[in-house]
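These notes are about the structure you will find just below.
Naming: A, B, ... by sequence-line order, numbering from 1 per chain.
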Protein chains: 2
Amino acid sequence: MNDRLDKIKKFYKKHRRLPSYSEMLNIFNLASKNAVFKIIQKLIEAGFIKKEGAKIAPASKFFALPLVGLVKAGFPILAEENRDYLTLDDYLIGDPQSAFLLKVSGDSLIGLGIFDGDIVIIERKRPATSGDIVLAQIDREWTLKILKKDGIRAHLESANPKYPPFYPKQNLEIFGVVKAVVRKFN
Amino acid sequence: MNDRLDKIKKFYKKHRRLPSYSEMLNIFNLASKNAVFKIIQKLIEAGFIKKEGAKIAPASKFFALPLVGLVKAGFPILAEENRDYLTLDDYLIGDPQSAFLLKVSGDSLIGLGIFDGDIVIIERKRPATSGDIVLAQIDREWTLKILKKDGIRAHLESANPKYPPFYPKQNLEIFGVVKAVVRKFN
DNA sequence: TGCATTAGTGAACGAGTGTTTACTATACTG
DNA sequence: CAGTATAGTAAACACTCGTTCACTAATGCA
């Protein structure tokens, strides 16, 4: 059954949609649509696929990657149970409409583990609170810094002792809040 | 046209599939499927949706978030052109079949900007080379460290001066290589 | 003003959809 | 061994799919 699911995943990765029953006939090398029908029912019971009326769609488990924790005593990944699943896209992106990505340049946030070349996910909507990493325009210049509100006026700080805090001379406008960082290796 | 695309995206986010033409009739508050047909054709020309035969599927641009760079001189996000797009899932996960997630515990990799609570994406397949961050079993204990190969024998290092290098007494087995890190803020 | 473009209606159509029923062969189980 | 799931074949079915054609209303342009 799992090799069938893998074939569907492969198809999905390539076409960005689930195959129809007759397409699955070819994928699975079967001759009867009823065989496919039964396979899909199993996958629905297993939680990988869902159905609304006659229309099938991947369930969240379909995309999810197993999430394991590293505990001193042992390594739980090999056991089928106690597994957690996480869909990265859903995890990282709250509202796709208001989110965008920003490639970080500079070392002003290394203290927070945000390096040059990293990609941050920024959401436009949400109000910023003190301590948030924000994309802001300070005195007509765009920058990515930590927002600090002490009393009435706000200023920006780096997470790098090399740089002093920035107090706006004219104005400080918050454009978005950093929700997540992402870094890819080599 | 863009509000129509937004409605489709909303549907997709909820159902994990594209709506059929008759479902779009409701979404768009239209009466004729031909109107939908024409709208979809425009979205295909715009590159958001693709078609194989009669079957529609989202193109990669459909999911992609705008990726901007922060240049000193100005802020390019407001301009419609010169925009880059990135699909996070595709960017981060190479081979979904062999990938899994690991929640990091400990501070042994802070030097690389990998903190306690971060999630790393690990791929099982690929051979590890010196300098890779690896999930390894050293003398029967699982750990996430930097692999170093000097000459014949390999050992593990931390990215934290607090910890000494680890030389295996019995054996060192590499289970997977860290491909990416992901961190979510509050 | 006249003409072309765009956006939408409405109906009809063949092809393909997922489902159902009946039946067969193989494999597992006590 | 007999009995029972399991996995697949084959054919038929209603229904929905995306497409097409002919037509209308509104809009923009020269």
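- Salt-bridge formation is detected for the pair B/D90/A/R16: a Lys NZ or Arg NE/NH1/NH2 atom is positioned less than 4.0 Å from an Asp or Glu carboxylate oxygen.
- Listed candidates were C/dT19, C/dG10, D/dA10. Nearest to the side chain of B/N34 is C/dG10.
- Nucleotide C/dC23 holds its P atom 21 Å from the NZ atom of A/K33, rounded to whole Å.
- Among the nucleotides C/dG18, D/dG8, D/dC17, the one closest to the side chain of A/K55 is D/dC17.
- Ranked by how close their nearest DNA chain C nucleotide is to the 5' end, B/K38 and A/I56 are led by B/K38.
- Ion pairing between a basic and an acidic side chain is recognised when a charged N comes within 4.0 Å of a carboxylate O; A/R140 and A/E173 show no such pairing.
- Put simply, B/S22 has no side-chain N or O that comes within less than 4.0 Å of OP1 or OP2 on D/dT16.
- A salt bridge between B/D107 and B/K162 is present, with a side-chain N of the basic residue lying under 4.0 Å from a carboxylate O of the acidic one.
- The shortest distance between the side-chain N/O atoms of B/R4 and the OP1/OP2 oxygens of C/dG8 is below 4.0 Å.
- Comparing D/dG18, C/dT19, C/dA7 by their closest approach to the side chain of B/K42 singles out C/dA7.
- Checked against the 6.0 Å centroid threshold, B/Y12 and B/F63 count as a close aromatic pair.
- Not one side-chain nitrogen or oxygen of A/S32 sits closer than 4.0 Å to the OP1 or OP2 atom of D/dG8.
- With D/dC17, C/dT17, D/dG8 as the choices, the nucleotide that has an atom nearest any side-chain atom of A/L30 turns out to be D/dG8.
- Residue B/Y21 has a polar side-chain atom (N or O) positioned under 4.0 Å from OP1 or OP2 of D/dT19.
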